[in-house]
Protein chains: 2
Amino acid sequence: MSTINDVSKLAGVSKSTVSNVFNNTKYVSEEITDRVLKAAQELNYYPNKLATGLANKKTYMIGLFLENLGEFRSMHHQIIEGVAMKLNEFNYNVILYIDRDNEKIPKGAKLRIEPIDGAIILDPEIEDIRIKDFVSSGTPIVLVGKAPKSYENLSSLDVDNIEIAYSATKMLIQNGHKKIAFINSKPNLTITSDRLKGYIKALSENQIDFEPSYIYNCDNTIIKAKKLASSILEKGEFSAIITESDVVALGVYEEAKTKGINIPGDISVFALGGMDYFLTPEVSRVVVDYKKLGEAAAKQITMIIDNKQQSSNLILNKYKIIKTGSVGQVSIR
Amino acid sequence: MSTINDVSKLAGVSKSTVSNVFNNTKYVSEEITDRVLKAAQELNYYPNKLATGLANKKTYMIGLFLENLGEFRSMHHQIIEGVAMKLNEFNYNVILYIDRDNEKIPKGAKLRIEPIDGAIILDPEIEDIRIKDFVSSGTPIVLVGKAPKSYENLSSLDVDNIEIAYSATKMLIQNGHKKIAFINSKPNLTITSDRLKGYIKALSENQIDFEPSYIYNCDNTIIKAKKLASSILEKGEFSAIITESDVVALGVYEEAKTKGINIPGDISVFALGGMDYFLTPEVSRVVVDYKKLGEAAAKQITMIIDNKQQSSNLILNKYKIIKTGSVGQVSIR
DNA sequence: CTGTTAGCGCCTTCAA
DNA sequence: TTGAAGGCGCTAACAG
């Protein structure tokens, strides 16, 4: 590993000149520039980022913090991908911190973390230690996912779940459906109540009464989904079902098959998430571009760092409603 | 941000004493230790890793390099997860470098890379610039995936594709299958020839002649898969098909349905990869634990860094053959 | 057992 | 336009 000193000696100039050449920070005559560059090449020299960071108090490193991988794995992965690629583009490095099962940043905590220029935190929690630390140290933060009220002043980024549920419901209504069962996600999650809001909004906009008994909650396992689907299908009063995910939709499909109920002939199905392309008929669904969300987060944090932007709460609408053979038209009679 | 100096002043001791307290590097009396700790707490002090790294020439940062996400997305994601979690456990940080579409580490190249203690490189290529750079700078490397011959001296880690294909084929043979079509991956890939080796090994071990015309190659798209499946199924001479992935299996399923061919009644199907759980009947397949592979890579690189281990070429056998309803028994008559 | 000193590699005034 | 000196925050001899 050669240093700036080696280069300056070989080139017969001073350290600062070498520095200036590499950073374009002051004019250096062409001749000397050449000499420096040649020397650098010969020595395979490149600036040590650590030392630079120390001197500049800027590290070009961003921490990406996540935990509880597993439940929403695919979503997280897409976000990681988006963040990393975008940040690399901006010449920032991404340091990945994945906390195992709820341990959060453990005991050693801060001891482990590099001085980073900024942090992107996924699915922040109320009373999040990580956030507290960064706030107190003045590190810029961007929150991705439902941000707790207590952190409303911080920059955040999320998908518009109200809008998504609204669009899905509306699409069904436009196809003539009025009695729409909704297997929503687990209660008490922000996402769950947001989805419900969207569902209700679409109904009321179309003068359809909201019937609370049409709402179910499911934990995103096939077993629970099948159980719910069974009782919903037995009632026989619905023309469509919205499910919280493709996994739940699968449960509905299987129960329907068992009961000889035809999709979409007897009932239409829409999944609020997932990336399934295996069900037959292919299930209608919403596809959210989480990679884009990650990219937006990356951009956001760099803007804040560069003071080009104040903190803000963005709601992204990067999604697509995909209507396939699982949704039929209800004949009007 | 308070520094070691602030702490030493407040505690009324010298810098080195503070350093010693934080690193357990020399005995410090309990009284002074207490004073230092208290002062540190009051100032919310913690060591600046950058400075430490500069002084120690050890950064506790590992670079994880990948590219061409997309084709094998899920596999990559699992590896990332395994690497990050394991490395975090060992108190190393992971810096993620994702190169967009084949650009590799671009122009700025090394300028962008922090001084890292080691590198984990996924799917290295022949003449890989990244590897060259790290070798020349003496940075420890672990290769994950099929390592080019030119880098045989480096540490590497891979899944045993020969073994996997062998096990799958053997399982089919044990179920009475003898005429087994094999839709392999793209030719000229190491993985493709390895899988073929495993297939052949299982056949010859069971005194079944290898018939080259049973072998097909597919590029892992549904369209191509369907085309191949169509001609394979029309021949009607096979009792089983091995596919390179679940996507290809899906193609086979769909063609079979179209043609009124029953799985597993008329033909059995086995997928050499994928994580599908949607096909009906569920497809028999091999599940590789790529997260474990990532964890192993993480462990490997730390061992090399700590000089606890020389470079080595590991073949992991973390996989499971899952036999489901898509494979039937061939009656002996 | 504790403090002093000299770097680690780089950047940045400030003079020349 | 170029160079010398000091400092970023920390560690590691070496004294005391």
Side-chain angles (χ1 to χ4, degrees), chain A residues 1-37 39-40 43-61 91 110-117 137-139, chain B residues 1-37 39-40 43-61 91 110-117 137-139:
Chain A
M1 232 34 329
S2 49
T3 79
I4 198 171
N5 270 308
D6 305 329
V7 176
S8 68
K9 268 178 211 155
L10 184 59
V13 297
S14 79
K15 292 200 302 181
S16 42
T17 301
V18 176
S19 174
N20 286 328
V21 168
F22 269 85
N23 302 307
N24 287 319
T25 153
K26 271 185 186 169
Y27 180 86
V28 179
S29 71
E30 212 169 299
E31 192 213 319
I32 299 215
T33 300
D34 265 18
R35 241 162 58 203
V36 169
L37 255 24
L43 295 169
N44 192 24
Y45 163 83
Y46 58 96
N48 180 324
K49 289 280 185 185
L50 240 50
T52 308
L54 191 58
N56 284 340
K57 290 178 170 291
K58 165 138 190 175
T59 62
Y60 282 94
M61 295 197 280
N91 279 313
K110 316 186 83 174
L111 297 180
R112 214 185 66 198
I113 299 177
E114 308 291 327
I116 52 182
D117 289 347
S137 70
T139 307
Chain B
M1 233 34 329
S2 48
T3 77
I4 199 171
N5 271 308
D6 306 329
V7 176
S8 66
K9 268 178 210 154
L10 184 61
V13 297
S14 79
K15 292 201 305 182
S16 45
T17 301
V18 177
S19 173
N20 285 329
V21 168
F22 269 84
N23 302 307
N24 289 319
T25 154
K26 270 185 186 169
Y27 181 86
V28 179
S29 73
E30 213 168 299
E31 192 214 319
I32 299 215
T33 301
D34 264 17
R35 241 161 58 202
V36 169
L37 255 25
L43 296 169
N44 192 24
Y45 163 82
Y46 58 97
N48 180 324
K49 289 282 185 182
L50 239 50
T52 309
L54 190 57
N56 283 340
K57 289 172 170 293
K58 165 140 190 175
T59 62
Y60 283 95
M61 295 197 281
N91 281 312
K110 316 186 83 171
L111 296 180
R112 214 184 65 200
I113 299 177
E114 309 291 325
I116 52 182
D117 289 347
S137 70
T139 306

Enquirer: Within the side chain of A/N48, is there an N or O that forms a donor-acceptor pair under 3.5 Å with the backbone of A/L50?
Expert: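 Indeed, once roles are kept as given, a pair shorter than 3.5 Å links the two residues.
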Enquirer: Rounded at 0.5 Å granularity, tell me how far OH in B/Y27 sits from CD1 in B/I32.
Expert: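 Output value for this atom pair is 10.0 Å.
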Enquirer: Where the side chain of A/N20 meets the backbone of A/T25, is there a donor-acceptor pair that is under 3.5 Å apart?
Expert: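 No, the answer is negative, given that no donor and acceptor are paired below the 3.5 Å cut-off.
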Enquirer: Testing the basics here: between A/S8 and A/K15, what is the closest heavy-atom pair and its distance to 0.1 Å?
Expert: CB-N, 3.7 Å
Enquirer: Can you give me the first and the last nucleotide of DNA chain C (5' to 3') that has an atom within less than 4.0 angstrom of a non-hydrogen atom in chain A?
Expert: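 Nucleotide range in contact with chain A: C/dG9 to C/dC14.
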Enquirer: Quick check against the 3.5 Å criterion: does B/T33 have a side-chain atom that pairs as donor or acceptor with the backbone of B/V28?
Expert: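 Yes, because the side chain of B/T33 sits within donor-acceptor range (under 3.5 Å) of the backbone of B/V28.
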Enquirer: From B/N56 CG over to B/K49 NZ, what is the distance, rounded to the nearest 0.5 angstrom?
Expert: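 Here the rounded value is 9.5 Å.
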Enquirer: Work out how much the helix from C/dC1-D/dG16 to C/dA16-D/dT1 bends between its end axes, five pairs an end, to the nearest 10 degrees.
Expert: 40°
Enquirer: Specify the residues of residues 52-61 of chain A, ordered by number, for which at least one heavy atom lies under 4.0 angstrom from an atom of DNA chain D.
Expert: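 Of all residues in residues 52-61 of chain A, the ones placing a heavy atom under 4.0 Å from DNA chain D are A/L54, A/A55, A/K57.
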Enquirer: Could you give the distance from NZ (B/K58) to OG1 (B/T52), rounded to the nearest 0.5 Å?
Expert: 13.0 Å
Enquirer: Please tell me which of A/N23 and A/K26 maps to the more 5' nucleotide of DNA chain C, matching each residue to the nucleotide holding its nearest heavy atom.
Expert: A/N23
Enquirer: Tell me the closest heavy-atom pair linking A/A51 and B/L54, and the distance in Å.
Expert: CB-CD1, 4.0 Å
Enquirer: Between OG of B/S16 and CD1 of B/I4, what distance do you get to the nearest 0.5 Å?
Expert: 8.0 Å
Enquirer: Find the distance A/R35:CZ to D/dT1:P and express it as a whole number of Å.
Expert: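 One finds 16 Å between P of D/dT1 and CZ of A/R35, rounded.
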Enquirer: I need the minimum non-hydrogen distance between A/T139 and A/I116, along with the two atoms involved.
Expert: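 In this case the closest contact between A/T139 and A/I116 is CG2-O, 3.9 Å.
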Enquirer: In whole Å, what is the span from the CG atom of B/D6 to the P atom of D/dG9?
Expert: 8 Å
Enquirer: Does B/T3 have any side chain to side chain contact (heavy atoms under 4.5 Å, CB included) partners at least two apart in sequence or in another chain, and if so, which?
Expert: B/N5, B/D6
Enquirer: Measure from OH on B/Y45 to P on D/dG9 and round the result to the nearest Å.
Expert: 10 Å
Enquirer: Can you sort out the partners of A/A40 under side chain to side chain contact (heavy atoms under 4.5 Å, CB included), two or more places apart, ordered by chain and number?
Expert: A/V7, A/F22, A/Y45
Enquirer: Which whole-number value in Å describes the distance from A/L50 CG to D/dG9 P?
Expert: 14 Å
Enquirer: Under a 4.0 Å heavy-atom cut-off, which of residues 11-21 of chain A touch DNA chain C?
Expert: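 Residues of residues 11-21 of chain A under 4.0 Å from DNA chain C: A/K15, A/S16, A/S19.
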Enquirer: Looking only at heavy atoms, what is the nearest atom pair of B/A11 and B/A39, with distance?
Expert: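 It is CB-CB, 4.0 Å.
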Enquirer: Determine the contact category for B/I32: base if any of its heavy atoms lies under 4.0 Å from a base atom, sugar-phosphate if only primed atoms, P, OP1 or OP2 are that close, otherwise nothing.
Expert: sugar-phosphate
